[in-house]
Structures are given as C-alpha cells and as structure tokens.
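Only one structure is covered here, and it is reproduced in the block below.
No experiment lies behind these values; they were computed from the predicted model shown.
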Amino acid sequence: MPSQYAKTTLDNGGSFYPLTKMNFVVTVKSANGNTAKAAFSEVTGIEATVDVIEFRQGNSESLSPVKVPGLVKHGNVTLKFGYTTENEFKKWVDSCIGSTRKGMDRTTVSIELIDIVSGDSPTALQTTLSNKGNTWILENAWVTKYTAPDLNAMQSEIAIESVEIAYETLKIPTVGSTAAGATAAGTT
C-alpha cells in the first residue's frame, strides 16, 4: 500500500527526483559486532583524491609528461550532533580517544542518504535501513578528534558536539545496488 511519500517519478518522462540531503542515517559497526547509531545534524568531508604522478621518458618525442594514477587519499569526515546521552556511539568515541586506548577497534561506518519519496514511512526509516544503494561506507574508521559543545549560560542554543573520523577505504554508492553490492563494486 503506497504511502503519502510514494511519488517516485515526475510527469516529465519518468525522471526521478534527486535525493534531498537532509535525511540520513549514520551507523557505526565495530569489529566485535556492536552497532551504534546516533542522530547527526551534519556530515561533511566524504571525499577521495587520486594523486597524479607525471612521468616522462628521456627519449619521448612528446614534451608533455604522461600522467599515471598514484595513491588514493581520503579526507576526514566530520559528524556534528546535538548532545545526547546515547551510550553505544559515545563508548566507541571514548575507546578511540581515551588515554589508555584499550579496546580501540577500527570500525565500519555507513552513511545512508534516505529516499523519503520511496514510500517508506518516517517511522520505518528510524528503525531500519533501506540499503537501496544510497550508502557511503567508510572502512577501517576511527575517531581522530572530538570536540565538546561550547558552554555559555547567556545563549539558548543546542549543545553541539563534533567528531572527526579518519578512514582508509571509501565505498561509493551506485544506482540500483545494495550496501553489499556497493561494498563489492564501489571500492576506491
């Protein structure tokens, strides 16, 4: 039964609406199987850059160098969220930045852009992931920086924390793939 969110095509030949960037879910799954979700207000810095190596042989007839791909580098992802008492995510952050660093494990972080026009209700979106290929997967991720909220008794603002995550591998979503398919096909 279609819901009020079920409009997936336009009248202009069946083109799909672009996804909005305001609805997303971030999940951290550690090596020991624990899963942590937290409500984030902002995710920035998902990127990959391939170094360019210029090479020219001495006997080349061309004066231009050949460009070959080098190392792939990833920036750090910053997550901003309102201060909450949700424990699993904070335990993971603490294991990464704690002074003893016992139990720090590199984890898999998935960032899913939710398609609210797909027919899923907002309640269903809070409890399950759609895995429709809208998910960026950060592998071997760990917290490299934590910033506590600014505390000011003269302002009436939400307390915002931020976490910066370093990662080694980025899996980019492809259209029509599941999270598992993206893992196999989208490696950078």
Side-chain angles (χ1 to χ4, degrees), residues 16 18-81 89-90 92-115 129-148 160-188:
F16 289 96
L19 298 179
T20 58
K21 62 180 185 177
M22 63 185 174
N23 297 293
F24 55 91
V25 174
V26 178
T27 305
V28 176
K29 186 168 187 176
S30 62
N32 62 10
N34 291 341
T35 300
K37 291 182 186 179
F40 297 95
S41 59
E42 186 177 341
V43 177
T44 58
I46 303 171
E47 63 183 17
T49 304
V50 180
D51 284 344
V52 177
I53 300 170
E54 294 186 358
F55 174 77
R56 183 182 176 279
Q57 294 192 31
N59 63 352
S60 174
E61 292 181 17
S62 172
L63 296 178
S64 299
V66 174
K67 295 183 179 184
V68 294
L71 296 174
V72 178
K73 296 180 181 176
H74 302 285
N76 293 341
V77 172
T78 301
L79 307 173
K80 293 184 180 179
F81 54 103
F89 181 76
K90 290 192 176 189
W92 175 64
V93 171
D94 187 53
S95 74
C96 291
I97 63 169
S99 59
T100 60
R101 293 179 52 161
K102 286 184 181 178
M104 176 182 165
D105 58 342
R106 294 177 180 221
T107 63
T108 300
V109 176
S110 64
I111 302 165
E112 181 182 7
L113 190 59
I114 299 171
D115 183 3
L129 297 176
S130 63
N131 291 327
K132 294 181 181 175
N134 306 328
T135 305
W136 290 265
I137 299 172
L138 314 177
E139 292 184 340
N140 294 324
W142 72 97
V143 175
T144 184
K145 181 179 180 181
Y146 167 80
T147 305
I160 300 291
E161 294 178 280
S162 69
V163 171
E164 191 171 315
I165 298 175
Y167 60 98
E168 293 180 356
T169 307
L170 171 64
K171 311 275 187 200
I172 300 173
T174 56
V175 177
S177 68
T178 62
T183 301
T187 304
T188 60

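The pair Lys80-Glu161 does not count as a salt bridge, with every side-chain nitrogen at least 4.0 angstrom from each carboxylate oxygen.
Between Leu170 and Ile137 the shortest side-chain heavy-atom distance does not fall below 4.5 Å. Residues Phe89 and Asp94 fail the side-chain proximity criterion, which asks for heavy atoms closer than 4.5 Å. Contact check for Leu79 versus Ile165: side-chain heavy atoms found under the 4.5 Å cut-off. When side chains are defined from C-beta on, Thr35 does not count as touching Val28, because their heavy atoms never get closer than 4.5 Å. At least one side-chain heavy atom of Glu168 sits under 4.5 Å from a side-chain heavy atom of Arg106. Phe81 places a side-chain heavy atom less than 4.5 Å from the side chain of Val163.
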- [ ] Evaluate side chain to side chain contact (heavy atoms under 4.5 Å, CB included) for Val26 paired with Val43, printing each intermediate quantity in order.
- [x] CA-CA 9 Å; Val26 178; Val43 177; 4.0 Å; yes

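Note that the OG atom of Ser110 and the CZ atom of Phe24 stand 12.5 Å from one another [nearest 0.5 Å]. Distance CD1/Ile111 to CH2/Trp136: 8.0 Å, rounded to 0.5 Å. Summarising the geometry, atom OG1 belonging to Thr135 is positioned 13.0 Å from atom CD1 belonging to Ile172; distances are rounded to the nearest 0.5 Å. Between the OG1 atom in Thr44 and the CG atom in Asn76 there is a gap of 10.0 Å [rounded to 0.5 Å]. For the atom pair CD (Glu112) and CG (Asn134), the distance works out to 6.0 Å, reported to the nearest 0.5 Å. Here the straight-line distance linking atom CH2 of Trp92 with atom NZ of Lys29 works out to 14.5 Å at 0.5 Å rounding.
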Show which side-chain atoms of residues 49-57 pair as donor or acceptor with protein atoms under 3.5 Å away, not counting sequence neighbours.
{"from": "Asp51", "atom 1": "OD2", "to": "Lys73", "atom 2": "NZ", "distance (Å)": "3.3"}
{"from": "Arg56", "atom 1": "NE", "to": "Ser62", "atom 2": "O", "distance (Å)": "2.9"}
{"from": "Arg56", "atom 1": "NH2", "to": "Ser60", "atom 2": "O", "distance (Å)": "3.2"}
{"from": "Arg56", "atom 1": "NH2", "to": "Ser62", "atom 2": "O", "distance (Å)": "3.3"}

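Relative orientation of the His74 and Tyr167 rings is tilted, given thresholds of 30° and 60° on the angle between their planes.
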